[in-house]
Amino acid sequence: MFAPDGIRAWNTWLDEHYEEMNDPDFPSHLNGAWSKLDTHALRLTLVVHLLRAACGEIDFGDSVDEETMARVAALMQYLKSHARRVYQEIRETEEDRRVRLAVRWIQRHQGRTTLRDLVRSKVANCKTVSDAIALLRLLEHRGHVVVRQEGKKAIVELVGEMET
């Protein structure tokens, strides 16, 4: 049973969850997982409520309150963030994976590197200069880097941030 503030918090979470799903920009590959999250949230509500009672925060006979729902909402946000990452990697092509690995590597090197460093470090499995050039063309095409010449060196710089 819900306390009045608990049911308000539940309805707020549920409304926000459905708004997220109905957003035109919501990724369709997440529809299946998101459609189950409302029932998972209810199950977690029971678990969180009983854990709070077991820890002595509330009595076992108390109704589900706003605090329990705030904790459930935080858990659901955490689960959603991980589901997004997992589903993205499931859908990721080999080309996508190479781009992701290269961008992360360049980010760890202050957003700047050289063609030579990409080959030397075998970034995204680049073993030859031609592998690295092909990778750079792909990164440029996707708008992640700009490549410019400084003397004989090809300098690679990230253009923006990539979600990780």
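Residue numbers start at 1 and run along the sequence shown.
To the nearest 0.5 Å, the span separating CE on Met76 from OG1 on Thr45 amounts to 8.5 Å. Between Ser28 atom OG and Met21 atom CE the span is 11.5 Å, to the nearest 0.5 Å. Rounded to the nearest 0.5 Å, atoms CZ (Arg104) and CG (Leu158) are 13.0 Å apart. Note that the CD atom of Gln88 and the CZ atom of Arg100 stand 9.0 Å from one another [nearest 0.5 Å].
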Original post:
Where do Leu118 and Trp105 land on the side chain to side chain contact (heavy atoms under 4.5 Å, CB included) test, with the steps shown first?
Top reply: CA-CA 9 Å; Leu118 292 173; Trp105 188 89; 3.9 Å; yes

Original post:
Run the side chain to side chain contact (heavy atoms under 4.5 Å, CB included) check on Leu51 and Val47 step by step: do they pass?
Top reply: CA-CA 6 Å; Leu51 284 171; Val47 171; 3.9 Å; yes

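Looking at residues two or more places apart in sequence or on another chain, you find no salt bridge (Lys or Arg N to Asp or Glu O under 4.0 Å) involving Glu66. Scored by the ring-ring contact (aromatic ring centres under 6.0 Å, His included) test, His29 finds no partners at all (sequence neighbours excluded). Remark: Asp65 pairs with Arg52 by the salt bridge (Lys or Arg N to Asp or Glu O under 4.0 Å) rule, at least two apart or across chains. Looking at residues two or more places apart in sequence or on another chain, you find a side-chain hydrogen bond (donor to acceptor under 3.5 Å, both in side chains) between Ser130 and Thr128. Scanning for ring-ring contact (aromatic ring centres under 6.0 Å, His included) contacts around His141 gives an empty result, with sequence neighbours left out. Arg108 meets the salt bridge (Lys or Arg N to Asp or Glu O under 4.0 Å) test with no other residue; sequence neighbours excluded. Every residue meeting the salt bridge (Lys or Arg N to Asp or Glu O under 4.0 Å) condition with Arg97, not counting sequence neighbours, appears here in chain and number order: Glu94. Partners of Tyr87 by ring-ring contact (aromatic ring centres under 6.0 Å, His included), not counting sequence neighbours: none found. With sequence neighbours excluded, the residues satisfying side chain to side chain contact (heavy atoms under 4.5 Å, CB included) with Arg137 are Ile133.
Across all their heavy atoms, Val156 and Val147 have their closest contact at CG2-CG2, 4.3 Å. Across Val119 and Ala132, no two heavy atoms sit closer than the pair CG2-CB, 3.5 Å. Here the closest non-hydrogen pair linking Asp117 and Thr113 is CB-OG1, 3.3 Å. Closest approach of Arg98 and Ala124 over heavy atoms only: NE-O, 3.0 Å. Summarising the geometry of Ala83 relative to Leu30, their closest heavy-atom pair is O-CD2, 4.4 Å, with the distance given to 0.1 Å. Taking each heavy atom of Asn125 and Asp131 in turn, the nearest pair found is O-OD2, 4.1 Å.
Pairs engaging residues 61-80 under the ring pair (Phe, Tyr, Trp, His ring centres under 6.0 Å) rule: Tyr78-His82 [sequence neighbours left out]. A ring pair (Phe, Tyr, Trp, His ring centres under 6.0 Å) check over residues 58-77, counting only residues at least two apart or in different chains, returns nothing. Listed by first and then second residue, the side chain to side chain donor-acceptor pair (under 3.5 Å) pairs involving residues 12-21 are His17-Lys80, Tyr18-Asp38, Glu20-Trp34, Glu20-Lys80, Glu20-Arg84 (not counting sequence neighbours).
Using a 4.5 Å heavy-atom threshold, the side chains of Leu75 and Val48 count as touching. Side-chain contact between Leu79 and Leu44 is present, with heavy atoms from C-beta onward closer than 4.5 Å. Contact annotation: the side chain of Glu95 approaches that of Arg142 to within less than 4.5 Å [non-hydrogen atoms, C-beta and beyond]. Side-chain atoms of Leu139 and Leu136, non-hydrogen and from C-beta on, do get closer than 4.5 Å to each other. Using a 4.5 Å cut-off on side-chain heavy atoms (C-beta onward), Thr114 and Ile155 make contact. Side chains of Arg8 and Met69 form no contact here, defined as non-hydrogen atoms less than 4.5 Å apart.
Cluster annotation: Val64 and Leu46 are assigned to distinct hydrophobic clusters (Ile/Leu/Val/Met/Phe/Trp/Tyr, side-chain heavy-atom contacts under 4.5 Å, transitive). Tracing side-chain contacts under 4.5 Å through hydrophobic residues (I, L, V, M, F, W, Y), one never reaches Leu135 starting from Leu101; they form parts of separate clusters. In terms of hydrophobic clustering, with Ile, Leu, Val, Met, Phe, Trp and Tyr side chains grouped at heavy-atom distances under 4.5 Å, Ile106 and Val129 are assigned to a common cluster. One hydrophobic cluster, built from ILVMFWY side chains closer than 4.5 Å, cannot hold both Ile58 and Leu42; they sit in different ones.
Formation of a donor-acceptor pair under 3.5 Å by the His49 side chain with backbone atoms of Asp62 is found in this model. With hydrogens and angles ignored, the 3.5 Å screen pairs no side-chain donor or acceptor of Glu140 with any backbone N or O of His144. Between the side chain of Asp59 and the main chain of Gly61, no donor-acceptor pair closer than 3.5 Å is present.
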